[in-house]
Amino acid sequence: MIIDISNIIIVGLFSYGIGQSAHQNVEEYRRRSPAWNTHKFKNTPLLIHTNTNDNDVHVLEVEHLIKSLKADNKQFDYEIYQDVPGGHSFDRMDTKTAKEIRVKIYKHMNKYLKPENPINNLQDIQKAGYRF
């Protein structure tokens with residue numbers, strides 16, 4: 001038995017399918033697509049990280065979003081990582097590379113959230129995660 005899940009959007013543990021594929025309901029997929037709605041972004045701090053070996057969100061989808069943001073003259077930061085181990089979860093792995101990527105994320109968030117104890121380097125992540 002083959003089950004077509006191409007029209008399902010997974011959010012947390014819940015699925016919200018629209019009952020049709022993108023080819024069957026182009027307008028609904030555009031309505032839900034961040035790339036087709038970048039004009040609605042209002043000074044939203046945005047950092048985009050993607051990985052070329054992500055099997056959940058293909059890099060072409062992210063590149064489409066990036067091009068849409070640029071076309072709408074939105075301010076944002078992005079980085080496309082090349083074949084980092086972990087696929088979709090590449091920045092949540094317990095590797096030095098993943099931790100370095102998380103430092104970049106924390107530094108980006110620090111600019112806007114101004115935390116009391118900001119994470120600025122690998123030692124800060126180690127201390128926050130393992131208390132040593």
Side-chain angles (χ1 to χ4, degrees):
M1 178 162 95
I2 298 174
I3 300 171
D4 178 12
I5 61 167
S6 62
N7 63 343
I8 302 293
I9 298 171
I10 303 297
V11 179
L13 298 175
F14 304 97
S15 328
Y16 298 94
I18 65 169
Q20 296 174 310
S21 70
H23 296 288
Q24 293 168 322
N25 195 340
V26 173
E27 287 306 312
E28 181 62 15
Y29 278 83
R30 280 188 181 158
R31 185 184 74 75
R32 294 177 179 213
S33 168
W36 286 88
N37 289 285
T38 55
H39 62 282
K40 296 178 184 176
F41 291 26
K42 306 276 190 237
N43 299 319
T44 306
L46 184 58
L47 172 65
I48 299 170
H49 281 175
T50 192
N51 190 5
T52 56
N53 65 5
D54 186 332
N55 291 324
D56 293 332
V57 181
H58 197 280
V59 69
L60 291 176
E61 294 178 64
V62 180
E63 288 173 339
H64 180 212
L65 173 60
I66 291 166
K67 286 181 181 182
S68 296
L69 288 162
K70 286 180 177 180
D72 282 336
N73 295 312
K74 300 299 179 179
Q75 297 283 49
F76 66 101
D77 297 307
Y78 74 95
E79 192 161 352
I80 299 174
Y81 294 92
Q82 301 296 317
D83 294 321
V84 175
H88 186 70
S89 300
F90 71 101
D91 58 354
R92 293 177 295 242
M93 306 298 285
D94 196 23
T95 64
K96 183 177 182 202
T97 299
K99 290 176 185 177
E100 290 169 343
I101 293 168
R102 287 198 300 276
V103 168
K104 290 180 183 182
I105 294 167
Y106 284 118
K107 284 182 170 184
H108 179 82
M109 292 173 29
N110 291 348
K111 292 186 278 185
Y112 304 99
L113 301 177
K114 310 217 183 304
E116 187 175 317
N117 298 306
I119 292 177
N120 292 303
N121 54 49
L122 290 175
Q123 292 77 23
D124 291 342
I125 283 188
Q126 182 74 19
K127 186 177 176 183
Y130 301 101
R131 306 222 187 258
F132 62 85

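All residue numbers in this chain count up from 1 along the given sequence.
Of the N and O atoms on the side chains of Arg92 and Ser89, at least one donor lies less than 3.5 Å from an acceptor on the other residue.
Among residue pairs with one or both ends in residues 53-65, those qualifying as side-chain hydrogen bond (donor to acceptor under 3.5 Å, both in side chains) are Asn51-Asn53, Asp54-His88; sequence neighbours excluded.
Taking both residues in full, the closest heavy atoms of Ser33 and Asn37 are given as O-ND2, 2.7 Å, listed atom of the first, atom of the second, then distance. Annotation for Glu116 and Pro118: closest pair O-CD, 3.4 Å, computed over non-hydrogen atoms.
Remark: Thr52 OG1 to Asp83 CG distance equals 3.5 Å, nearest 0.5 Å. Taking NZ from Lys42 and NZ from Lys74, the interatomic distance works out to 6.0 Å, rounded to the nearest 0.5 Å. Distance check, rounded to the nearest 0.5 Å: CG of Asp72 to OG1 of Thr38 gives 3.5 Å.
Among residues two or more places apart in sequence or in another chain, the side-chain contact (heavy atoms from CB on, under 4.5 Å) test is passed with Thr95 by Met93, Thr97, Ala98. The side-chain contact (heavy atoms from CB on, under 4.5 Å) test applied to Asn25 returns Ile18, Gln20, Glu27, Glu28, not counting sequence neighbours. Remark: Asp94 pairs with Lys99, Tyr130 by the side-chain contact (heavy atoms from CB on, under 4.5 Å) rule, at least two apart or across chains. Contacts of Lys107 classified as side-chain contact (heavy atoms from CB on, under 4.5 Å), with partners at least two apart in sequence or in another chain: Val103, Asn120.
Aromatic ring pairs are classed by plane angle as parallel below 30°, tilted from 30° to 60° and perpendicular above 60°; the pair Phe90 and Tyr81 is tilted.
Without hydrogens or angle criteria, Asn121 side chain to Asp124 main chain gives a donor-acceptor distance under 3.5 Å. No side-chain donor-acceptor contact under 3.5 Å links Ser68 to the backbone of Trp36. Checked by atom type and distance alone, the side chain of Asp91 never pairs as donor or acceptor with a backbone atom of Ile105 at under 3.5 Å.
Annotation: Lys111, atom NZ; neighbour count of heavy atoms from other residues, nucleotides and ligands within 6.0 Å is above 12. The environment of Tyr106 atom OH is sparse: at most 12 non-hydrogen atoms of other residues, nucleotides or ligands sit within 6.0 angstrom.
Cluster partners of Leu69, by chain and number: Phe41, Leu46, Ile48, Val57, Val59, Val62, Leu65, Ile66, Phe76, Tyr78, Ile80. The rule joins Ile, Leu, Val, Met, Phe, Trp and Tyr whenever side-chain heavy atoms lie under 4.5 Å apart.
When the side chains of ILVMFWY residues are joined at heavy-atom separations under 4.5 Å, either directly or via intervening members, Leu113 and Leu47 end up in a single hydrophobic cluster.
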Open item on the list: Set out, in order, the CA-CA distance, both residues' side-chain angles and the distance that settles salt bridge (Lys or Arg N to Asp or Glu O under 4.0 Å) for Glu100 and Lys104, then state yes or no.
Closed with: CA-CA 7 Å; Glu100 290 169 343; Lys104 290 180 183 182; over 6 Å; no
